[in-house]
Amino acid sequence: MGSKKSLKKIGIIDCNNFYVSCERLFNPESIGRPTVVLSNNDGCVIARSQEAKDLGIKMGEPFFKSRDFMDQHKFCVYSSNYNLYGDMSDRVMTLIKSFANDIEVYSIDESFVDFSNIPDEHLLDTLRGIKNEVYRQTGIPVSIGVGPNKTLAKLTSYFAKKQPNYNGVCSYWDVPNFENICYSIPLDEVWGIGRKWYKKFKNIGVETVGQFINTSDYTVRKLTNVNGSKTQLELKGLYCYQIQKQTKLKRNIASTRSFGKDVTDFEQMGEAMYNYIVSGTKKLNQSSVLANKATIFVSGNYHKGDKYHYSKTINLQNPTSDSDEIWSQIYDQFKMICDKKEKFKKCGIIFNELTPENVIQCSLFEEEINYVEPPVNEIKDWEMKQEYITQKYTTSWADLPKVFV
DNA sequence: TCTGGGGTCCTAGGACCC
DNA sequence: TCTGGGGTCCTAGGACCC
């Protein structure tokens with residue numbers, strides 16, 4: 001037990017069924033009923049309550065396919081409301097930060113926390129305390145896993161959720177026979193092993209975490225990349241992925257969207273793209289950065305077999321967040337990639353090589369930009385669908401009820 | 001006329017994550 | 001009829017240079 005002292009104790013705190021939990025705070029009628037939250041365009045299911053999971057609703061399932069089933073079972077269905085989730089996330093993360101210094105906000109509903117300074121004998125009590133306090137102050141239930149590194153923390157939180165007796169808090173060092181249990185955990189439950197890699201390993205007879213750990217590093221490296229190797233090392237107990245205490249500057253900012261319907265008209269494509277440029281530049285401004293490059297793309301309806309995707313990266317003449325400047329500079333290339341097909345389902349723009357806007361850049365040769373008129377069009381096939389949005393409560397935080405106190 | 005290797009940079013595409 | 005959006009990182013391959 002003494003050797004444990006030298007190890008890191010890395011925790012993962014994640015919110016259970018986060019979007020559903022947020023909706024339930026303001027729509028209490030959904031508590032106890034199967035509940036789902038839909039993606040943009042009400043396209044597919046991106047969050048499920050436990051009741052929905054128990055009824056067999058899968059993550060990413062197309063909504064139209066299970067709509068009738070959901071009606072029959074009296075589901076509560078919500079279009080996604082990212083303002084609400086973002087606000088709730090801030091509250092939860094701020095609270096967690098008040099308990100621990102070294103925290104990495106990893107996603108909207110998860111953070112890694114370094115608990116290394118907490119004595120072994122107090123670890124579980126501390127974690128339970130955090131779980132209870134987050135629930136008491138925000139109404140959001142969380143699960144916590146802790147282990148010697150991020151990968152094992154994640155795997156441990158899988159236990160915390162799966163096994164009711166852990167009550168949402170689980171330590172790697174308290175799981176009896178962890179090594180043996182690994183032979184009953186499917187490899188794709190591991191953080192860092194996705195669908196494609198799982199398939200590759202399955203093909204060579206490696207299907208469980210235990211088997212993966214015992215696969216030669218040569219094979220792992222051959223079937224994956226350096227990150228696959230790191231994942232294997234972490235499962236063996238080594239520490240490879242650091243906690244990022246400082247939030248890193250974003251490297252890219254994107255604005256992309258699927259259309260409500262297929263779009264065939266170049267004018268409409270142009271209008272959609274221009275709109276995404278405008279909303280993308282708003283994000284640039286919010287982050288106080290300018291873009292040096294822009295990648296534009298158009299693609300077909302993947303699910304209908306139109307698997308084409310054309311993209312082009314454009315070097316912008318000056319670092320900029322001006323939508324008309326950007327529109328003018330991408331226009332020719334955009335027309336070119338649109339000419340390759342006549343039917344599209346999606347397009348977007350990704351800004352790359354971002355620089356802080358307060359750093360003034362002087363270019364030696366100020367080139368003239370040939371401005372292109374922004375498009376105007378009446379018909380908007382590309383606009384998205386949102387039938388189940390609940391707008392309330394997101395604008396006024398003073399009205400936020402303190403539930404579940 | 002024929003023949004090379006090594007380096008950088010860029011981009012597209014593919015894997016992963018939530 | 002109807003299948004998300006926004007990120008990160010890695011790698012292969014082409015262009016170009018010496």
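Numbered from 1 within each chain, the chains take letters A, B, ... in sequence-line order.
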> Between A/Trp191 and A/Phe112, is a ring pair (Phe, Tyr, Trp, His ring centres under 6.0 Å) present by the stated rule, with each step listed?
Replying inline: CA-CA 13 Å; A/Trp191 181 61; A/Phe112 288 106; 5.6 Å; yes
> Of A/Ala254 and A/Phe63, whose closest DNA chain C nucleotide lies nearer the 5' terminus?
Replying inline: A/Phe63
>> If you assign each of A/Asn252 and A/Gly43 to its closest nucleotide in DNA chain C, which residue comes earlier from the 5' end?
In response: A/Gly43
Among [options], which is the nearest nucleotide to the side chain of [X]?
{"X": "A/Thr256", "options": "B/dC17, C/dG5, C/dT3", "value": "C/dG5"}
{"X": "A/Pro62", "options": "B/dG13, C/dT3, B/dC18", "value": "C/dT3"}
{"X": "A/Phe64", "options": "C/dT3, C/dG6, B/dC18", "value": "C/dT3"}
{"X": "A/Tyr82", "options": "C/dT3, C/dG4, C/dG6", "value": "C/dG4"}
{"X": "A/Glu110", "options": "B/dA12, B/dC18, C/dG5", "value": "B/dC18"}

Are side-chain N/O atoms of [X] and [Y] paired as donor and acceptor at under 3.5 Å?
{"X": "A/Glu133", "Y": "A/Gln137", "result": "yes"}
{"X": "A/Tyr274", "Y": "A/Asp324", "result": "yes"}
{"X": "A/Asn214", "Y": "A/Tyr183", "result": "yes"}
{"X": "A/Thr320", "Y": "A/Glu325", "result": "yes"}
{"X": "A/Thr295", "Y": "A/Thr313", "result": "yes"}

Within the structure shown, what part of the strands sits under 4.0 Å from [X] by heavy-atom distance: base, sugar-phosphate, or nothing?
{"X": "A/Tyr302", "result": "nothing"}
{"X": "A/Thr295", "result": "nothing"}
{"X": "A/Val190", "result": "sugar-phosphate"}
{"X": "A/Ile193", "result": "sugar-phosphate"}
{"X": "A/Ile253", "result": "sugar-phosphate"}
{"X": "A/Lys345", "result": "sugar-phosphate"}
{"X": "A/Lys293", "result": "sugar-phosphate"}
{"X": "A/Glu61", "result": "nothing"}

Whole-Å gap separating [atom2] ([N]) and [atom1] ([X]):
{"X": "A/Asn292", "N": "B/dT11", "atom1": "CG", "atom2": "P", "answer": "12 Å"}
{"X": "A/Ile314", "N": "B/dT11", "atom1": "CD1", "atom2": "C1'", "answer": "12 Å"}
{"X": "A/Ile349", "N": "C/dG7", "atom1": "CD1", "atom2": "P", "answer": "13 Å"}
{"X": "A/Ile296", "N": "B/dA12", "atom1": "CD1", "atom2": "P", "answer": "10 Å"}
{"X": "A/Trp191", "N": "C/dC9", "atom1": "CH2", "atom2": "C1'", "answer": "12 Å"}
{"X": "A/Asp188", "N": "B/dC18", "atom1": "CG", "atom2": "P", "answer": "12 Å"}
{"X": "A/Ile108", "N": "B/dC18", "atom1": "CD1", "atom2": "P", "answer": "14 Å"}

>> With a 4.0 Å cut-off on N to O distance, would you call A/Asp14 and A/Lys161 a salt bridge?
In response: yes
> Is any NZ, NE, NH1 or NH2 atom of the basic residue among A/Asp114 and A/Lys245 found under 4.0 Å from an Asp or Glu carboxylate oxygen of the other?
Replying inline: no
Verify the contact: side-chain N or O of [X] to OP1 or OP2 of [N], cut-off strictly under 4.0 Å; return yes or no.
{"X": "A/His303", "N": "C/dG4", "answer": "yes"}
{"X": "A/Thr313", "N": "B/dA12", "answer": "yes"}
{"X": "A/Ser258", "N": "C/dG5", "answer": "yes"}
{"X": "A/Lys307", "N": "B/dG14", "answer": "no"}

>> Please list, in numerical order, the residues of residues 234-251 of chain A that have a heavy atom closer than 4.0 Å to any atom of DNA chain C.
In response: A/Lys248, A/Lys250, A/Arg251
>> Could you tell me the Watson-Crick or G-U partner of B/dT8, where both distances fall under 3.5 Å? Say none if there is no partner.
In response: C/dA15
> Is there a residue in residues 194-230 of chain A whose heavy atoms reach under 4.0 Å of DNA chain B, and which residues are they?
Replying inline: A/Gly194, A/Arg195, A/Lys196, A/Trp197
>> A/Lys154 vs A/Glu110, test: salt bridge (Lys or Arg N to Asp or Glu O under 4.0 Å). Steps then yes/no.
In response: CA-CA 11 Å; A/Lys154 280 277 212 175; A/Glu110 279 178 282; 2.3 Å; yes
> Are any non-hydrogen side-chain atoms of A/Trp197 and A/Leu187 less than 4.5 angstrom apart?
Replying inline: no
> When you compare B/dG4 with C/dC17, how far apart are their C1' atoms, in angstrom units rounded to a whole number?
Replying inline: 14 Å
> A/Arg128 and A/Asp125: salt bridge (Lys or Arg N to Asp or Glu O under 4.0 Å), yes or no, with the steps?
Replying inline: CA-CA 5 Å; A/Arg128 290 187 187 119; A/Asp125 279 346; 3.7 Å; yes
>> Test: salt bridge (Lys or Arg N to Asp or Glu O under 4.0 Å). Region: residues 71-84 of chain A. Which pairs qualify, not counting sequence neighbours?
In response: none
